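Presented below is the structure to which this report refers.
All ligand and atom numbering here is 1-based and tracks the order in the structure. These numbers were taken from a predicted model, which means no experiment stands behind them.
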Amino acid sequence: MATAAKKKLVQWGPAEVKSALLEKYPPKVARKRAKQIMINEARQNDTPELTANVRTIPGIITMRGCTYAGCKGVIMGPTRDIVNLVHGPIGCSFYAWLTRRNQTDAGPDGENYMNYCFSTDMQEQDIIFGGEKKLAQAIQEAYDLFHPKSIAVFATCPVGLIGDDIHTVSKNMKEKFGDCNVYAFSCEGYKGVSQSAGHHIANNQVFRHLVGQNDEVKPGKYKINLLGEYNIGGDGFEIDRIFKKCGITCISTFSGNSTYDQFASSHTADLNAVMCHRSINYVADMMETKYGIPWIKVNFIGAKATAKSLRKIAEYFGEKELIDRVEAVIAEEMPGVEAALAEITPRTEGKTAMMFVGGSRAHHYKELFDELKMKTISAGYEFGHQDDYEGRQVLPNIQVDADSRNIEEIEVEPDATRFKPRKSEKEMKALEKAGYRFKQYDGLAADMDKGTLIIDDLNQYEAEKLVELMKPDIFCAGIKEKYSIQKLGVPMKQLHSYDSGGPYAGFLGAINFYKEIDRLVNSKVWGFMKAPWQKNPQLSGSFAWE
Ligand code: CFM
């Protein structure tokens, strides 16, 4: 019996798994979900199409979050010296309060508002009579208490429904104060199909109200911005350590451990290095058009990926001094990584992983599992777009639906005085000829093996089914999935908050990750897990009054 079950598990085929996932759905739901479950063919630039960034089917328990979460929590949350004021009922603030593990240091000025929860605490009467006065009062109160450089206002669902004009309130308060930049985000939770819409809304306002506010040129020779790095579990600290060692100056990180001033002068950098393509590519594109800063895709998750990204940055600047320094740093850091791998990989080799995270990490963390010689058998995003799966070459073919049209696209022009190409056309051409790729991202599918399953917007039911059928050695997702998966006897690692671990970025982070995964996939405890009905299938019960 046990052997038969084992045999069946080993022999799963992706097509069978796909049909098993769809089996219980009503026909219409099954048809829709079938388009979001792809058996990967691993073809570069020509993968089969996957439907993404569409509404979750009502009734399905999605893993996604809301637009407000993407704007307030993800993009603006990690900035330490901007007061993030949520206009809405208290629950929206409370659940966005210190839950993402984006770390910060207080900096030399000690200005850090991250540990505070600012909210207008809307009540029924504000919903009925309007909340603008209350919002103005709250902005005034935050200003009087802290005198921050900047206050950002975030709209929650009811604000959009009753039509409070948060932008005019913010503008009036900004004019009144004179020394505090106040602006607002119309990021009502329902605005888009997921948190991805919130990223776009945040990008637009960051670009409009923050980037380019300070023209003062900061010291440093090789100046970059790191886009789409949010310092979860201290990842950003490790990347900063490596940059410093290499002599690379990071003007601004968008937005891990960042400050208002860093955003304000980010247009003075000479290169934008993009980590999380999904959440911040809009800013990268807009900064290129307005200021002439080229962007490249990088990844600091995985030791090899880190080395590759550093080399890519050095190659862009093209100066021997930097190239040599980067090589020296890699040579210094890699022995530690290799020693850890030599010890750990014999125990992890051949094991299997599944990853279902946001819109970037499934791809990034695949690098770390590759280094452990583990196989990623299924992966996907909660809210990735088609380009995050298949690469940016599909961008011209993506059909804009009503939900995407709902999100503003800013028309950007080159800045009359501040647009400055960072390289001559000739230099750019020469780099491209040597294989250097600007503005390019190939997506997850090209890196996944043939026959693996790529699934968009995986839900609670399918997650459990998938684990039952394919029995991975580890499943990676978020807190909502954690306990249901663990109850199936499979170790679960949170790749959003890292449970309480991290950093996993850079060289030292990679070593941390290897050790934790080793511990998880080789722990026998998961095999002992049995639910009561597995131990004793005939549980009997009676009513208390019987
Ligand atoms: Fe980018 Fe992120 Fe992600 Fe994301 Fe997120 Fe996150 Fe994520 Mo959670 S910005 S898309 S909205 S890498 S919070 S730091 S882990 S879902 S994969």
Side-chain angles (χ1 to χ4, degrees), residues 52-53 62-79 95-104 187 189 191-203 206 226-239 253-258 273-284 297-302 305 354-368 376 379-385 387-389 441 443-444 455-458 476-482 492-499 501-505 509 513:
N53 192 29
T62 175
M63 292 176 176
R64 286 172 167 174
C66 70
T67 300
Y68 155 80
C71 180
K72 192 267 172 196
V74 174
I75 308 291
M76 296 307 289
T79 307
Y95 286 106
W97 183 29
L98 296 178
T99 47
R100 187 161 164 257
R101 294 197 73 236
N102 38 250
Q103 298 186 355
T104 191
C187 58
K191 252 303 172 38
V193 302
S194 70
Q195 51 268 65
S196 170
H199 301 151
H200 196 164
I201 292 163
N203 277 225
V206 164
L226 181 60
L227 269 54
E229 206 316 300
Y230 301 95
N231 203 19
I232 311 298
D235 275 353
F237 294 146
E238 164 66 359
I239 299 173
T253 301
F254 287 58
S255 56
N257 194 30
S258 60
V274 176
M275 264 286 274
C276 170
H277 172 262
R278 179 66 269 133
S279 63
I280 206 93
N281 71 84
Y282 318 94
V283 161
K297 175 76 178 75
V298 293
N299 175 25
F300 290 100
I301 302 291
M354 286 183 183
M355 275 178 285
F356 294 92
V357 216
S360 283
R361 292 200 165 165
H363 193 186
H364 289 166
Y365 276 81
K366 188 182 170 292
E367 297 258 2
L368 277 171
T376 304
Y381 294 134
E382 290 167 32
F383 52 77
H385 297 200
D387 44 318
D388 300 303
Y389 289 105
Y441 176 50
L444 168 71
I455 308 177
D456 181 62
D457 191 14
L458 187 80
C476 305
I479 187 67
K480 300 196 287 293
E481 294 75 52
K482 185 163 180 86
M492 198 281 179
K493 176 72 194 165
Q494 290 190 64
L495 280 193
H496 300 261
S497 73
Y498 299 165
D499 295 294
Y504 300 135
F513 193 77

Next on the checklist: For C476 versus V357, what's the shortest heavy-atom pair and its separation?
Outcome noted: O-CG2, 4.5 Å

Checklist entry - In ligand 1, which numbered atoms sit nearer than 4.0 Å to a non-hydrogen atom of Y230? => result 9 (S), 14 (S)

Checklist entry - Closer than 4.0 angstrom: is that true for some heavy atom of F383 and an atom of ligand 1? => result yes

Item to check | G359 neighbourhood, listing ligand 1 atoms whose heavy-atom distance to it stays under 4.0 Å | outcome: 3 (Fe), 10 (S), 17 (S)

Checklist entry - What's the verdict on side-chain contact (heavy atoms from CB on, under 4.5 Å) for N281 and Y441, showing C-alpha distance, side-chain angles and the deciding distance? => result CA-CA 10 Å; N281 71 84; Y441 176 50; over 6 Å; no

Checklist outcome for this item: min-distance protein heavy atom vs atom 1 (Fe) of ligand 1 -> C276 SG, 2.2 Å

Checklist entry - At what distance is the nearest protein heavy atom to atom 11 (S) of ligand 1, and which residue and atom is it? => result H199 NE2, 3.1 Å

Checklist entry - Within the distance-only criterion (no hydrogens, no angle test), does the side chain of R64 pair as donor or acceptor with the backbone N or O of S194 below 3.5 angstrom? => result no

Checklist entry - Do E481 and F356 pass the side-chain contact (heavy atoms from CB on, under 4.5 Å) test, and can you show the C-alpha distance, the side-chain angles, and the key distance before you say yes or no? => result CA-CA 10 Å; E481 294 75 52; F356 294 92; over 6 Å; no

Checklist outcome for this item: Quick note on ligand 1: atoms under 4.0 Å from a heavy atom of G358 include exactly 7 (Fe), 16 (S), 17 (S)

Checklist entry - Measuring from the heavy atoms of E382, does anything fall under 4.0 Å of ligand 1? => result no

Checklist entry - Relative to the heavy atoms of R361, which atoms of ligand 1 are at a distance of less than 4.0 Å? => result 12 (S), 14 (S), 15 (S), 17 (S)

Next on the checklist: Does only the side chain of S360 get under 4.0 Å from ligand 1, or the backbone, or both, or neither? Count heavy atoms.
Outcome noted: both

Item to check | Identified side-chain contact (heavy atoms from CB on, under 4.5 Å) counterpart of I280 within the set V74, N203, V206, L226 | outcome: N203

Checklist entry - Is there a donor-acceptor contact under 3.5 Å linking the side chains of Q494 and D499? => result yes

Item to check | Derivation and outcome, side-chain contact (heavy atoms from CB on, under 4.5 Å), residues E238 and Y504 | outcome: CA-CA 9 Å; E238 164 66 359; Y504 300 135; over 6 Å; no

Checklist entry - Among protein heavy atoms, which sits nearest to atom 14 (S) of ligand 1, and what does the distance come to when rounded to 0.1 Å? => result R100 NH2, 3.1 Å

Next on the checklist: Working to the nearest 0.5 angstrom, can you tell me the gap between E367 CD and R361 CZ?
Outcome noted: 14.5 Å

Checklist outcome for this item: Looking only at protein heavy atoms, what sits closest to atom 8 (Mo) of ligand 1 is H496 ND1, 2.3 Å

